[in-house]
Trainee: 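One structure coming up, written as structure tokens, with questions to follow.
The structure displayed is predicted, hence computed values, not measured ones. No hydrogens, no waters, no symmetry mates; every other heavy atom, side chains included, goes into these values.
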Amino acid sequence: GNDILVLDAEAGVTYSVDASIYLEELNVEYEYSLVVADANRERLGLKENEYWFSASIEKTETCESTNLQDAGVNEQSYSLGYVVNMADLYFRSGGTIYNLSRISSNRFEHQASKTDSGYNWSITSEFTFRIQIEGNTGQVLADIEFQNVEKDSEDTTTCNGKETWIGNIML
């Protein structure tokens with residue numbers, strides 16, 4: 001990916017960055033490069049009406065499965081950066097663009113459903129993403145509700161979850 005971290009840094013202070021990959025158990029080596037620069041709209045490639053925001057995310061996912069090893073509750077906390085464009089009504093994460101529908105002057109929504117399948121397996125995902133942006137403060141509040149159903153020749157796993165985002169427009 002092309003992850004971005006924006007922070008107020010002070011001269012003479014040492015900062016550390018911990019990079020990890022989702023599939024670390026594959027035992028594959030990855031190369032990371034770190035670019036330290038002044039944060040600005042041009043460096044982030046922001047177009048007109050695009051704003052970059054950073055969000056702290058709390059995620060809870062509950063899974064039920066015919067294979068008991070895949071059942072349970074998973075909770076995560078992490079932070080990520082995203083791009084939103086309220087004028088052209090889209091939200092961007094990396095190269096993926098999600099069109100938004102206006103609910104009110106500062107609330108937007110995106111709903112999606114997707115199915116992938118192969119020999120003896122299928123995955124169906126549905127989610128609803130709602131985002132609210134406070135124009136006076138730049139505060140971003142969002143939530144995602146989702147369901148993933150994974151079926152193979154022997155097992156079915158259904159996971160329902162929710163993410164809550166709290167962030168601020170940074171650039």
Trainee: Could you walk me through whether Arg102 and Leu89 pass the side chain to side chain contact (heavy atoms under 4.5 Å, CB included) test, one step at a time?
Mentor: CA-CA 8 Å; Arg102 186 179 300 274; Leu89 295 177; 3.8 Å; yes
Trainee: Run through Trp52, Tyr82, Tyr51 and flag the one making a ring pair (Phe, Tyr, Trp, His ring centres under 6.0 Å) with Phe91.
Mentor: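 Single ring pair (Phe, Tyr, Trp, His ring centres under 6.0 Å) partner of Phe91 among Trp52, Tyr82, Tyr51: Tyr82.
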Trainee: Could you state the interatomic distance from NZ (Lys151) to CG (Asp155), rounded to the nearest 0.5 Å?
Mentor: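 Rounded to the nearest 0.5 Å, the NZ-CG separation comes out at 12.5 Å.
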Trainee: Under a 3.5 Å threshold, yes or no: a donor from one side chain and an acceptor from the other, between Asp143 and Thr164?
Mentor: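 Their side chains do not contain a donor-acceptor pair, so the 3.5 Å distance test is not met.
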Trainee: For Glu154, is there any backbone N or O sitting under 3.5 Å from a side-chain donor or acceptor partner on Asp152?
Mentor: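 At least one qualifying donor-acceptor pair exists.
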Trainee: Kindly give the heavy-atom pair with the smallest separation between Glu50 and Gly45, and that separation in Å.
Mentor: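 Looking at all heavy atoms of both residues, the shortest contact is OE1-O, 3.9 Å.
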Trainee: From Glu134 CD over to Arg107 CZ, what is the distance, rounded to the nearest 0.5 angstrom?
Mentor: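 With rounding to 0.5 Å, CD (Glu134) is 9.5 Å from CZ (Arg107).
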Trainee: Which Ile, Leu, Val, Met, Phe, Trp or Tyr residues join Ile166 in one cluster when any pair of side-chain heavy atoms under 4.5 Å counts as a link?
Mentor: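 Leu141, which link up through side-chain heavy atoms under 4.5 Å apart, make up the rest of the cluster.
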Trainee: Could you check whether the rings of Tyr98 and Phe127 sit parallel, tilted or perpendicular, using 30° and 60° as the cut-offs?
Mentor: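 Correct class here is perpendicular.
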Trainee: Return the minimal non-hydrogen interatomic distance between Tyr15 and Glu10, and the atom names on each side.
Mentor: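 Result for this residue pair: OH-N, 2.9 Å.
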Trainee: Quick check: closest heavy atoms across Ala142 and Phe129, and the distance to 0.1 Å?
Mentor: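 That would be CB-CE1, 4.1 Å.
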Trainee: Is it true that Val140 and Ile57 fall in one hydrophobic cluster, defined by side-chain heavy atoms closer than 4.5 Å?
Mentor: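 Same cluster.
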Trainee: Measure the spacing between CH2 of Trp165 and CD1 of Ile144 and express it to the nearest 0.5 Å.
Mentor: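 Answer rounded to 0.5 Å: 4.5 Å.
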Trainee: For the atom pair CD (Gln147) and SG (Cys159), what is the distance rounded to the nearest 0.5 Å?
Mentor: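 One finds 9.0 Å between CD of Gln147 and SG of Cys159.
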Trainee: Quick check on the hydrophobic clustering: are Val73 and Tyr78 connected, directly or via other members, by side-chain heavy-atom contacts under 4.5 Å?
Mentor: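 Each belongs to a different hydrophobic cluster.
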Trainee: Starting at NE2 of His110, measure out to CD1 of Ile97 and round the result to the nearest 0.5 Å.
Mentor: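 Answer for the NE2-CD1 pair, His110 versus Ile97, is 11.5 Å.
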Trainee: I need the Glu145 CD to Lys162 NZ distance, nearest 0.5 Å.
Mentor: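 Reported value, rounded in 0.5 Å steps: 5.0 Å.
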Trainee: So do the side chains of Ile169 and Val84 get within less than 4.5 Å of each other, counting heavy atoms only?
Mentor: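 Ile169 vs Val84: side chains touch.
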Trainee: If only side-chain N and O atoms count, and only distance matters, is there a donor-acceptor pair under 3.5 Å linking Thr157 with Ser65?
Mentor: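 Side-chain D/A pair, Ser65 to Thr157: present.
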Trainee: Thr115 and Thr124: which non-hydrogen atoms are nearest, and at how many Å?
Mentor: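 Minimum heavy-atom contact is OG1-OG1, 3.4 Å.
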Trainee: Does Asp88 reach the side chain of Lys47, with side-chain heavy atoms less than 4.5 Å apart?
Mentor: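 No - every pair of side-chain heavy atoms lies 4.5 Å or more apart.
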Trainee: Taking Val83's backbone N and O only, do any of them form a donor-acceptor pair with Tyr90's side chain (distance below 3.5 Å, no angle check)?
Mentor: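 Answer holds: no.
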Trainee: Evaluate the side chain to side chain contact (heavy atoms under 4.5 Å, CB included) criterion for residues Thr62 and Asn160: first the C-alpha distance (whole Å), next the side-chain angles of each, then the deciding distance (0.1 Å), finally the verdict.
Mentor: CA-CA 5 Å; Thr62 303; Asn160 293 294; 5.5 Å; no
